[in-house]
Amino acid sequence: MSGTGDTAPGADAGELPAYAERVLSVAELIPAGRVMTYGDVAEYVDEGGPRQVGRVMALYGGAVPWWRVVRADGRLLPGSELRALAHYRDEGTPLRAASQGAEGHIPRLDMRRARWDGRQDDRDEPWHD
């Protein structure tokens with residue numbers, strides 16, 4: 001499962017589970033250049049947890065900006081790093097330079113600056129801890 005949006009085998013794209021619809025609607029709200037973690041999304045919809053959100057994104061996420069729902073540590077989605085990185089660069093998402101020891105020298109997201117808390121009136125402000 002790459003999380004980049006192939007619909008699950010046998011799944012009818014027109015009949016998403018209610019939980020999946022809510023998760024995907026949150027992914028669509030995330031502004032360009034910002035991200036939410038899997039756990040942030042679960043908290044926003046007030047149901048499930050990071051694993052459940054990850055499962056929804058893996059099965060149905062291709063129709064939404066999947067690259068904006070991320071791991072809490074800022075590492076890019078394994079197997080889709082280059083595709084996600086292209087989106088981040090296009091959108092101006094804050095990144096941290098890769099360390100010399102990083103596999104493939106792939107940068108990480110700068111979670112402190114890129115994270116969005118879901119407030120509509122705060123779409124252009126950095127995440128507030």
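This structure is a prediction, so every number in the text was calculated from the model and none was measured. These numbers come from the heavy atoms of this one structure, side chains and all, not from hydrogens, waters or symmetry mates. Residue numbers count from 1 along this sequence.
- The OH atom of Tyr60 sits 6.0 Å away from the CG atom of Leu16 when rounded to the nearest 0.5 Å.
- When all heavy atoms of Ser80 and Trp66 are compared, the pair lying nearest together is CB-CH2, 4.0 Å.
- Between Arg75 and Asp73 there is a salt bridge, since at least one side-chain N of the basic residue sits less than 4.0 Å from a carboxylate O of the acidic one.
- Between Trp116 and Leu29, the shortest heavy-atom distance links the atoms CH2-O, 3.6 Å.
- Summarising the local packing, CD of Glu81 is surrounded by more than 12 heavy atoms from other residues, nucleotides or ligands at distances under 6.0 Å.
- Pairing each heavy atom of Thr93 with each of Gly33, the nearest pair is OG1-CA, 3.2 Å.
- Closest approach of Leu95 and Leu109 over heavy atoms only: CD2-CD2, 3.8 Å.
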Check the pair Val23, Met57 against side chain to side chain contact (heavy atoms under 4.5 Å, CB included), reporting the backbone distance first and the verdict last.
-> CA-CA 8 Å; Val23 166; Met57 294 305 294; 4.1 Å; yes
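- What you find for Gly39 and Pro50 is that their closest heavy atoms are CA-CG, 3.8 Å.
- The nearest pair of heavy atoms linking Val69 to Ala27 is CG2-CB, 3.8 Å.
- When atom types are taken as modelled, the side chain of Arg34 and the backbone of Arg115 share a donor-acceptor pair closer than 3.5 angstrom.
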Yes or no on side chain to side chain contact (heavy atoms under 4.5 Å, CB included) for Asp117 and Met36, after CA distance, side-chain angles and deciding distance?
-> CA-CA 7 Å; Asp117 66 5; Met36 288 180 93; over 6 Å; no
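- Here His87 contributes atom NE2 and Leu82 contributes atom CG; the two are 11.5 Å apart, rounded to the nearest 0.5 Å.
- A distance-only check finds a donor-acceptor pair linking the side chain of Tyr88 to the backbone of Trp67 [under 3.5 Å].
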Given the rule in the side chain to side chain contact (heavy atoms under 4.5 Å, CB included) test, do Val70 and Leu77 qualify, once you have shown the distances and angles that lead to the verdict?
-> CA-CA 7 Å; Val70 301; Leu77 185 66; over 6 Å; no
Would you check, one step at a time, whether the test side chain to side chain contact (heavy atoms under 4.5 Å, CB included) holds for Asp40 with Val53?
-> CA-CA 9 Å; Asp40 292 340; Val53 170; over 6 Å; no
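- Remark: the backbone N or O of Arg108 is not paired with any side-chain donor or acceptor of Arg96 at under 3.5 angstrom.
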